[in-house]
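What follows is a short report on a single structure.
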Amino acid sequence: MHKRRIIFHIDLNCFYASVEQVYDPTLKGKPVAIAGNPKERRGIIVTCNYEARAKGVYTTMNVGEARRKCPELILLPPNFDRYRAASKSFFNLLKEYSEILQPVSIDEGYLQLPIIEGQDVLQLVQNLQNRIWTELQLPCSIGVAPNKFLAKMASDMKKPMGITVLRKRDVPVVLWPLNVIEMHGIGKSTAEKLKKLGIQTIGELAVADEYVLKQNFGINGPRMKQKANGIDDRAVDPDAIYDTKSVGNSTTLSYDVTDRDELYEIITSLSEKVADRLKAKKLAGVTVSIMIRTADWETYTRSKSVSNAIHSKEDIVELAWNLFNKHWNEEPVRLLGVTVSNVSDIKETTQQLTFFNFEDYVKEEPIIKLVDQIEQKFGKGAILRGSDIAKPTGKYHANTSFSKDFWDEHK
């Protein structure tokens with residue numbers, strides 16, 4: 001049990017749009033949105049600033065509708081080099097306060113501070129927010145709490161440029177009246193399922209029958225109840241971002257796709273990217289998943305596990321395409337994703353050899369090693385399988401110290 005921790009959750013506000021405003025100060029005060037393809041009327045808004053949100057623009061809205069809502073909207077394509085550079089500066093600044101830092105994504109992270117006598121916590125968090133603004137020109141919201149869950153909930157409460165302290169004693173007053181959909185970690189489908197069980201608020205979840213929760217949600221049921229009571233013992237883990245459990249890629253399409261050949265091409269391109277990332281990380285996995293989002297923004301995933309860990313493009317394409325064919329109802333598709341999960345070091349994976357396949361693996365091993373050696377010397381793609389040469393190429397390339405009395409005073 002972790003006791004007496006002080007944890008910050010720092011969330012950069014409207015990150016992509018904020019970075020663009022740093023590079024072009026004339027954008028400040030104007031409605032700005034980042035779109036995957038801003039020239040396409042049916043392209044998708046990736047993110048937007050608060051000026052755009054005030055006019056009714058929101059993430060996932062298509063460009064045409066966003067322009068109707070806000071004719072003066074400034075649309076920009078994403079510039080990931082800029083975003084990565086800004087993110088690196090952000091996390092380097094956070095490291096000045098503590099080495100116990102866990103990035104969660106490019107624009108948010110948890111920071112745990114040592115508890116030392118005599119420090120003014122609220123003054124320090126204000127100083128941190130001011131430095132992020134003055135040195136990086138990036139607005140952020142910060143949640144201060146004794147655990148990660150409460151810190152995350154707190155940082156969401158005041159945006160932009162908010163600071164919120166959420167103590168465990170505040171939970172009944174602050175969190176319990178909220179609808180469960182407001183709780184971090186609960187999505188639309190889980191909220192609907194809870195509603196069918198008669199649980200609509202976080203307070204009702206906090207006193208729900210644990211057996212019923214476990215029957216309906218597995219091990220996640222009791223965990224949800226604990227968090228609803230403000231309990232979360234998870235450590236702030238600086239190595240968590242390196243603990244890869246899955247490797248995936250997805251792409252949002254600029255228009256609705258129904259053509260089967262085109263969809264195969266997209267899945268092949270995504271599978272190739274996943275295979276490349278698996279190879280770079282020297283990983284293989286036993287579960288392949290596809291994610292399909294329809295034109296009506298209904299999203300569903302389907303998975304299949306195999307006995308032998310896979311990492312090659314061919315194996316991933318075969319499983320992903322079979323899954324897609326089995327579960328696609330020919331509705332227009334707006335997003336596709338391919339993921340390989342339950343991954344482990346490729347050296348630790350074992351193939352279940354049979355009388356029917358052992359000769360294939362024995363013959364393949366020296367060939368695979370030779371291809372790797374050639375590609376290391378001459379570059380990726382220097383040698384291809386004959387079966388690959390005739391295949392069409394895809395056109396989708398698709399986040400100090402504190403007084404030990406702080407929590408005693410505020411618990």
Side-chain angles (χ1 to χ4, degrees), residues 60 104-105 184-194 196 213-224 240-253 257-258 260-346 348-352 354 357 394 396 398:
T60 72
V104 176
S105 65
H184 175 58
I186 292 184
K188 186 177 178 181
S189 60
T190 300
E192 287 295 324
K193 202 170 180 181
L194 285 167
K196 290 177 182 177
L213 291 173
K214 193 167 185 179
Q215 287 294 105
N216 284 272
F217 301 98
I219 194 171
N220 195 43
R223 287 176 180 168
M224 288 192 299
I241 198 166
Y242 306 111
D243 183 16
T244 304
K245 295 180 176 65
S246 64
V247 173
N249 265 98
S250 64
T251 182
T252 300
L253 311 175
V257 179
T258 55
R260 189 175 292 271
D261 290 340
E262 191 171 359
L263 291 165
Y264 176 79
E265 194 175 320
I266 298 167
I267 286 178
T268 300
S269 175
L270 291 170
S271 299
E272 183 172 16
K273 290 183 177 181
V274 172
D276 287 345
R277 289 176 59 198
L278 286 168
K279 182 179 179 181
K281 295 173 180 284
K282 295 181 170 57
L283 297 172
V286 295
T287 303
V288 172
S289 305
I290 59 161
M291 178 169 64
I292 303 170
R293 180 172 294 158
T294 68
D296 297 327
W297 293 97
E298 290 294 322
T299 303
Y300 55 95
T301 59
R302 297 293 183 267
S303 304
K304 181 176 177 59
S305 295
V306 292
S307 56
N308 297 325
I310 64 171
H311 56 88
S312 73
K313 180 188 79 172
E314 292 79 9
D315 288 338
I316 298 169
V317 169
E318 182 180 359
L319 284 167
W321 183 242
N322 286 341
L323 274 170
F324 180 84
N325 272 321
K326 183 176 180 180
H327 298 287
W328 182 49
N329 298 320
E330 300 193 359
E331 67 270 54
V333 176
R334 202 58 186 268
L335 176 146
L336 276 175
V338 175
T339 299
V340 174
S341 55
N342 296 317
V343 298
S344 56
D345 192 306
I346 199 165
E348 297 173 5
T349 61
T350 56
Q351 298 285 356
Q352 294 189 357
T354 70
N357 69 6
Y396 293 89

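Remember, it's a predicted structure, so these values are computed and weren't measured experimentally.
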Validation row: [X], [Y] side chains within 4.5 angstrom (heavy atoms):
| X | Y | answer |
| --- | --- | --- |
| N220 | T190 | no |
| E272 | N249 | no |
| L194 | N216 | no |
| E265 | D261 | no |

For E331, all residues meeting side chain to side chain contact (heavy atoms under 4.5 Å, CB included), sequence neighbours excluded: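 E331: side chain to side chain contact (heavy atoms under 4.5 Å, CB included) contacts with T294, Y300, W328, N329.
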
Look up atom [atom1] in [X] and atom [atom2] in [Y], then write down how far apart they are to the nearest 0.5 Å.
| X | Y | atom1 | atom2 | result |
| --- | --- | --- | --- | --- |
| R223 | K214 | CZ | NZ | 10.0 Å |
| I292 | H327 | CD1 | NE2 | 8.0 Å |
| L283 | R277 | CG | CZ | 10.0 Å |
| R293 | T60 | CZ | OG1 | 7.5 Å |
| K281 | D276 | NZ | CG | 12.5 Å |

Heavy-atom neighbours of K304 NZ exceed 12 at 6.0 Å: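 Incorrect, the count does not exceed 12.
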
Set of side-chain hydrogen bond (donor to acceptor under 3.5 Å, both in side chains) partners for S312, sequence neighbours left out: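 For S312 the side-chain hydrogen bond (donor to acceptor under 3.5 Å, both in side chains) partners, ignoring immediate neighbours, are D315.
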
Residue list, side-chain hydrogen bond (donor to acceptor under 3.5 Å, both in side chains) with T287, at least two apart or on another chain: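 So T287 forms a side-chain hydrogen bond (donor to acceptor under 3.5 Å, both in side chains) with S305, N342.
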
Derivation of the side-chain contact (heavy atoms from CB on, under 4.5 Å) call for T299 and L335: CA-CA 9 Å; T299 303; L335 176 146; 5.8 Å; no

Donor + acceptor pair across side chains of S289, S303 (<3.5 Å):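 Yes, S303 and S289 have a side-chain donor paired with an acceptor closer than 3.5 Å.
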
How close do [X] and [Y] get, heavy atom to heavy atom, and via which atoms?
| X | Y | result |
| --- | --- | --- |
| A275 | H311 | CB-O, 3.5 Å |
| L263 | W321 | C-CZ3, 4.0 Å |
| V333 | L253 | O-CD1, 3.6 Å |
| S250 | M291 | CB-CE, 4.4 Å |
| I290 | A320 | CG2-O, 3.6 Å |

Partner of V274 under side-chain contact (heavy atoms from CB on, under 4.5 Å), chosen from V317, V247, T339, V288: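 With V274 as partner, side-chain contact (heavy atoms from CB on, under 4.5 Å) holds for just one option, V247.
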
Heavy-atom donor-acceptor pair, T268 side chain to Y264 backbone, under 3.5 Å: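 Pair found, side chain donor or acceptor close to backbone of Y264.
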
